[in-house]
**Student:** 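Let me begin by handing over the structure; questions about it come next.
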Amino acid sequence: MTRAAREAVADGFARWANPSSPHAEGRAARRLVEDARADVATAYGWGQEVLLTGGASESLAIALGRSMVERCFVSAVEHDAVLRASGAASVMPVDAAGHVVLPDLAGPRALVAVQWANSETGVRQPIAALAEAVHGAGHLLLVDAAQMPAGADPHVAEHADFVALSAHKRGGPPGIGALLVRDLATLLPTGGQERGYRPGTENMPAAIGYAAALREAEPDHTALRAHLDDAVRRSGGIVVAEDSARHPAIGAYRMPGVPAAAQLIRFDSGGIAVSAGSACASGSLKPSHVLAALGWREEAAREVVRVSFGRTTTREEVDAFIAAWRGIARGRA
């Protein structure tokens, strides 16, 4: 969490009052919540509704479970939060590059869910082209943009009907996110707070912490990730989806002959934190459904680790990872 976000959260706790209360303290808290809501909208270039939620997973569940459609389509490489919430949705395949292959969309109104950038491989989807096809067939588009820095892709704000966001991915506090909604008439209300679309007392301290984080510029890791990609290739490793447009702060790498579980232990002992698959599911070390969808054999997929860069990641830290990678690779026999 950024320093500005921590300070804002602390200030929020010091000024806490229920934002739904009519007294002066409650009205002041309400102003802070609404200011934070406006800041989220501004950061993402969004001119419509912003619902504050408990995080991207809840935002996705709201859109998938309560959008006014008759059916859903989700891609085979979506985050587990989407796959869990989508029920009997039709699964769309991806090509070898990780890009969604849209099926015949003829039929009743549907919600089509795609991830802006895959949380395991970093592969980015062509949102504008997908939106054109989805809207042309009369359907709605949900974009999981938890991995997307604010302002990184104006096509999302221009074309998506729903956008799921996460604060902690942007340096904000955990436990808060947002669902951007183009038209509230496309979403079933439930009563309560958040314009009647999410019951529960608003988390004012987290909301203003989220807004504070979004006001801070995020570093561009393109050159740093390219340096890592090149070093892995030169060290006998394989860069997953290397020819695809990818998130500059996410990479997935295969070390042939060394299981990811063994790699994680060695990296961790050297003070380097990486994961196998998405960070949310890596504890299970299950074969990656994302790599399987890209056509990877299970044996090869079990040798892949995921690396992501944070706001403070340095060239020296990446070089330390490269040195550790080479040491593990040399000892694989």
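Scope of the values below: all heavy atoms of this structure, side chains included, with no hydrogens, waters or symmetry mates.
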**Student:** How many angstroms lie between OG1 in Thr201 and CE in Met204, if you round to the nearest 0.5 Å?
**Tutor:**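 Spacing of OG1 (Thr201) from CE (Met204) equals 11.5 Å.
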**Student:** For Ala17 versus Gly26, what's the shortest heavy-atom pair and its separation?
**Tutor:**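 Looks like CB-N, 3.9 Å.
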**Student:** Is a side-chain N or O of Arg6 found less than 3.5 angstrom from the main chain of Gly172, in a donor-acceptor match?
**Tutor:**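 Pair absent, no side-chain N/O of Arg6 close to backbone of Gly172.
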**Student:** I need the minimum non-hydrogen distance between Val69 and Leu140, along with the two atoms involved.
**Tutor:**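 Looking at all heavy atoms of both residues, the shortest contact is CG1-CD1, 3.9 Å.
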**Student:** So do the side chains of Leu187 and Leu51 get within less than 4.5 Å of each other, counting heavy atoms only?
**Tutor:**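 Sidechains of Leu51 and Leu187: in contact.
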**Student:** Between Asp11 and Arg15 (salt bridge meaning N to carboxylate O under 4.0 Å), is one present in this structure?
**Tutor:**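 A salt bridge links Asp11 with Arg15.
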**Student:** Under a plain distance cut-off of 3.5 Å, with no hydrogens placed, do Ser67 and Thr186 share a side-chain donor-acceptor pair?
**Tutor:**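 On atom types as modelled, these side chains do not qualify, holding no pair under 3.5 Å.
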**Student:** If you take all heavy atoms of Ala164 and Ser59, which pair is closest and at what distance?
**Tutor:**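 So the minimum-distance heavy-atom pair works out to CB-CB, 3.8 Å.
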**Student:** Can a donor-acceptor pair be found, under 3.5 Å and without considering hydrogens, that links the side chain of Gln125 to the backbone of Gly98?
**Tutor:**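 Such a contact is found between Gln125 side chain and Gly98 backbone.
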**Student:** If you define the side chain from C-beta out and look only at heavy atoms, does anything of Val304 sit under 4.5 Å from Ser288?
**Tutor:**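 Answer no - side chains too far apart.
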**Student:** Looking only at heavy atoms, what is the nearest atom pair of Ala213 and Ala5, with distance?
**Tutor:**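 In terms of heavy atoms, the two residues are closest at CB-CB, 4.1 Å.
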**Student:** Considering only heavy atoms from C-beta outward, does the side chain of Val143 approach that of Leu141 to under 4.5 Å?
**Tutor:**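 Sidechains of Leu141 and Val143: in contact.
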**Student:** Would Leu180 and Gln48 satisfy side chain to side chain contact (heavy atoms under 4.5 Å, CB included), going step by step from the backbone distance to the final call?
**Tutor:** CA-CA 7 Å; Leu180 311 184; Gln48 291 77 37; over 6 Å; no
**Student:** Applying the 4.5 Å side-chain criterion to the ILVMFWY set and letting contacts propagate, would Tyr44 and Leu142 be lumped into a single cluster?
**Tutor:**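 No, separate clusters.
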**Student:** Please tell me whether Trp46 and Leu52 are part of a single hydrophobic cluster in this structure, the criterion being side-chain heavy atoms less than 4.5 Å apart.
**Tutor:**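 Both belong to a single hydrophobic cluster.
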**Student:** Give a yes or no on whether a salt bridge exists between Arg37 and Glu194, defined as a side-chain N under 4.0 angstrom from a carboxylate O.
**Tutor:**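 The answer is yes: the pair qualifies as a salt bridge.
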**Student:** Is a donor on one side and an acceptor on the other found under 3.5 Å between the side chain of Glu58 and the backbone of Gly54?
**Tutor:**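 Yes.
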**Student:** Are side-chain heavy atoms of Asp80 and His289 found at a separation under 4.5 Å?
**Tutor:**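 Contact flag for Asp80/His289 side chains = yes.
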**Student:** How are the rings of Phe73 and His139 set to each other: parallel, tilted or perpendicular (split at 30° and 60°)?
**Tutor:**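 Ring orientation, 0 to 90° scale: tilted.
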**Student:** Between atom NE2 of His79 and atom OG of Ser166, what is the distance when rounded to the nearest 0.5 Å?
**Tutor:**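 Atom-to-atom, His79:NE2 and Ser166:OG are 9.0 Å apart.
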**Student:** Compute whether any side-chain donor of one residue and acceptor of the other, for Asp153 and Trp116, lie under 3.5 angstrom apart.
**Tutor:**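 There is such a pair (donor and acceptor under 3.5 Å, judged by atom type) between the side chains of Asp153 and Trp116.
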**Student:** Nearest 0.5 Å please: distance from the CZ atom of Arg71 over to the OG atom of Ser86.
**Tutor:**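 Here the rounded value is 14.5 Å.
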**Student:** Is there a donor-acceptor pair closer than 3.5 Å between any side-chain N or O of Glu317 and the backbone N or O of Thr314?
**Tutor:**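 Yes.
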**Student:** Mark yes when over 12 heavy atoms from residues, nucleotides or ligands other than Arg195 sit less than 6.0 Å from its CZ; otherwise mark no.
**Tutor:**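 Enclosed: over 12 neighbouring heavy atoms sit under 6.0 Å from CZ of Arg195.
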**Student:** Return yes if some donor-acceptor pair links the side-chain N/O of Gln193 with the main-chain N/O of Gly200 below 3.5 Å, else return no.
**Tutor:**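 Such a contact is found between Gln193 side chain and Gly200 backbone.
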**Student:** Any Lys/Arg nitrogen of Glu303 or Arg254 sitting under 4.0 Å from an Asp/Glu carboxylate oxygen of the other?
**Tutor:**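 Here Glu303 pairs with Arg254 in a salt bridge, since their nearest N and O are under 4.0 Å apart.
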**Student:** Do the side chains of Arg246 and Val239 get nearer than 4.5 Å, heavy atoms only?
**Tutor:**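 Of all side-chain heavy-atom pairs linking Arg246 with Val239, at least one is under 4.5 Å.
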**Student:** Please check if the side chain of Ser21 supplies one atom and the backbone of His23 the other of a donor-acceptor pair under 3.5 Å.
**Tutor:**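 Flag not set: sc Ser21 to bb His23 has no pair under 3.5 Å.
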**Student:** What's the spacing between His135 NE2 and Leu130 CG if we round to 0.5 Å?
**Tutor:**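 Going from the NE2 atom of His135 to the CG atom of Leu130 covers 10.5 Å.
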**Student:** Heavy atoms, side chains only, cut-off 4.5 Å: are Val77 and Leu294 in contact?
**Tutor:**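 Val77 vs Leu294: side chains touch.
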**Student:** For residues Ala178 and Thr53, report the shortest heavy-atom separation together with the two atoms involved.
**Tutor:**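 For Ala178 and Thr53, the tightest heavy-atom pair comes out as N-OG1, 3.5 Å.
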**Student:** Please assess Asp230 against Arg234 for the test salt bridge (charged side-chain N to carboxylate O under 4.0 Å, His left out), listing each intermediate value before the final yes or no.
**Tutor:** CA-CA 6 Å; Asp230 182 64; Arg234 291 174 179 271; 2.8 Å; yes
**Student:** Return yes if a side-chain donor-acceptor contact under 3.5 Å exists between Thr2 and Glu216, otherwise no.
**Tutor:**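 Yes - a donor-acceptor pair under 3.5 Å links their side chains.
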**Student:** Should the heavy atoms of other residues, nucleotides or ligands under 6.0 Å from CD of Glu132 be counted, would the total exceed 12?
**Tutor:**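 Not buried by this count: 12 neighbours or fewer within 6.0 Å.
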**Student:** Assess the residue pair Glu218 and Arg311 against the criterion (side chain to side chain contact (heavy atoms under 4.5 Å, CB included)); give the C-alpha distance rounded to whole Å, side-chain angles, the decisive distance to 0.1 Å, and a yes or no.
**Tutor:** CA-CA 6 Å; Glu218 296 192 44; Arg311 285 175 179 261; 3.4 Å; yes
**Student:** Just verifying a value: how many Å separate Gln263 CD and Asp268 CG, rounded to the nearest 0.5 Å?
**Tutor:**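 The CG atom of Asp268 is 13.0 Å from CD of Gln263, to the nearest 0.5 Å.
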**Student:** Write down the atom of Leu111, the atom of Ala63, and the distance for their closest heavy-atom approach.
**Tutor:**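 Between these two residues, the closest heavy atoms are CD2-O, 3.4 Å.
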**Student:** Measuring from Met68:CE to Arg109:CZ, what's the distance to the nearest 0.5 Å?
**Tutor:**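 It comes to 9.0 Å.
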**Student:** Just so I know, are the side chains of Leu228 and Val307 near enough to count as touching, which here means a heavy-atom distance under 4.5 Å?
**Tutor:**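 Yes, their side chains come closer than 4.5 Å.
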**Student:** Val240 and Trp296: side chain to side chain contact (heavy atoms under 4.5 Å, CB included), yes or no, with the steps?
**Tutor:** CA-CA 10 Å; Val240 177; Trp296 282 59; 3.7 Å; yes
**Student:** What about Leu179 and Val163, same hydrophobic cluster or not, with Ile/Leu/Val/Met/Phe/Trp/Tyr joined at side-chain heavy-atom distances under 4.5 Å?
**Tutor:**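 No: no chain of side-chain contacts under 4.5 Å links Leu179 to Val163.
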**Student:** Closer than 4.0 angstrom, basic N to acidic O: yes or no for Arg30 and Glu202?
**Tutor:**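 Looking at Arg30 and Glu202, the cut-off is met.
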**Student:** Verify whether one side chain among Tyr253 and Asp229 offers a donor that lies under 3.5 Å from an acceptor in the other.
**Tutor:**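 The answer is yes; a qualifying pair exists.
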**Student:** Going by atom types only, do Ser75 and Gln115 share a side-chain donor-acceptor pair under 3.5 Å?
**Tutor:**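 No, no side-chain donor-acceptor contact under 3.5 Å.
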**Student:** Any side-chain heavy-atom pair from Val274 and Leu264 closer than 4.5 angstrom?
**Tutor:**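 The answer is yes; the side chains approach within 4.5 Å.
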**Student:** Kindly indicate, with the supporting measurements, whether the criterion side chain to side chain contact (heavy atoms under 4.5 Å, CB included) is fulfilled by Arg170 and Leu165.
**Tutor:** CA-CA 9 Å; Arg170 308 274 64 85; Leu165 302 174; over 6 Å; no
**Student:** Is it possible for you to say whether Val318 and Ile250 belong to one hydrophobic cluster, with membership spreading through side-chain heavy-atom contacts below 4.5 Å?
**Tutor:**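 Val318 and Ile250: separate clusters.
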**Student:** Same cluster or not: Val50 versus Leu184, using hydrophobic residues (I, L, V, M, F, W, Y) connected whenever any side-chain heavy atoms lie under 4.5 Å apart?
**Tutor:**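 No; tracing contacts between hydrophobic side chains, which count when under 4.5 Å, never links both residues.
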**Student:** Looking just at side-chain N and O atoms, do Arg124 and His247 make a donor-acceptor pair shorter than 3.5 Å?
**Tutor:**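 No, His247 and Arg124 have no side-chain donor paired with an acceptor closer than 3.5 Å.
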